[in-house]
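Quick note: residue numbers are just sequence positions, from 1.
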Amino acid sequence: QLQASGGGLVQAGGSLRLSCAASERTFSSYVMGWFRQAPGAEREFVATTSRSGGSTRYSDSAKGRFTVSRDNAKNTVSLQMTSLKPEDTAVYYCAARRQLSTSTFIYDYEYWGRGTLVTVSS
């Protein structure tokens, strides 16, 4: 099971740190991803990290502002978001993929947690 937390209301230019806790004992066997879904929009890729955390990928909108990291000892993955913009407002989801390679595609992730809402005010 995956549980995302850390969402909230923040002003534009501010920062938030999202966390996702996994109950799976073999957490390090999963590629982890962050996705988001804005109102009326499709769910979209934000960031992903490899099993070890040594490799990461970002969407163009997240690059340079967001940082994904994981702690396999604590079974957690985090998304540090800075310089937030109103267009970052969305429900953010963490997801897990039991494959070797990272992926930016929603359908490549087998497990999803409940999202956490991030609202960025202008």
- Any side-chain heavy atom of F66 within less than 4.5 Å of one from Q80? no
- Message: So L84 and L16, do their side chains get closer than 4.5 Å, heavy atoms only?
- Response: yes
- Message: Quiz question: by atom type and distance under 3.5 Å, do the side chains of T48 and Y109 form a donor-acceptor pair?
- Response: yes
- Relative to Y111, does R98 satisfy both conditions: NZ or CZ under 6.0 angstrom from the six-membered ring centre, and within 45 degrees of the ring's axis? no
- May I ask you to test the T104-R57 pair for a side-chain heavy-atom distance under 4.5 Å? yes
- Item | L79-F35 co-clustered via ILVMFWY side chain contacts under 4.5 Å | no
- Message: Is there a continuous path of hydrophobic side-chain contacts, each under 4.5 Å between heavy atoms, that joins Y58 to Y92?
- Response: yes
- Single-linkage hydrophobic cluster V46~V118, side-chain heavy atoms < 4.5 angstrom: yes
- Message: Pair S121, V10 - check side chain to side chain contact (heavy atoms under 4.5 Å, CB included), show working.
- Response: CA-CA 6 Å; S121 62; V10 63; over 6 Å; no
- Message: Do M81 and S15 make a side-chain contact, defined as non-hydrogen atoms from C-beta onward lying under 4.5 Å apart?
- Response: no
- Note, M32 side chain near S69 side chain (heavy atom, < 4.5 Å): no
- Item | Any side-chain heavy-atom pair of Q37 and E44 under 4.5 Å | no
- Is the closest side-chain heavy-atom distance between T49 and T102 below 4.5 Å? no
- Say whether N72 and S28, considering side chains only, have a donor N or O and an acceptor N or O under 3.5 Å apart. no
- Task: Check for a donor-acceptor pair, side chain of R65 on one end and backbone N or O of S83 on the other, with a separation under 3.5 Å.
- Result: yes
- Could you tell me which non-hydrogen atom of S78 sits nearest to which non-hydrogen atom of S19, and how far apart they are? OG-OG, 3.7 Å
- Query: For F27, is the NZ or CZ atom of R51 found under 6.0 angstrom from the centre of its six-membered ring and inside 45 degrees of the ring axis?
  - Reply: no
- Message: With a 3.5 Å distance limit and no angle check, can you tell me whether T89 reaches the backbone of T119 through a side-chain donor-acceptor pair?
- Response: no
- Message: In this structure, would W34 and F45 fall into the same cluster of hydrophobic residues linked by side-chain contacts under 4.5 Å?
- Response: no
- Item | Residues K63 and D60 bridged, charged N to O under 4.0 Å | yes
- Message: Between S122 and E87, is the side chain to side chain contact (heavy atoms under 4.5 Å, CB included) condition met? List the steps.
- Response: CA-CA 10 Å; S122 57; E87 51 263 43; over 6 Å; no
- Message: With clusters defined by side-chain heavy atoms of hydrophobic residues (ILVMFWY) lying less than 4.5 Å apart, directly or transitively, does L18 cluster with Y93?
- Response: no
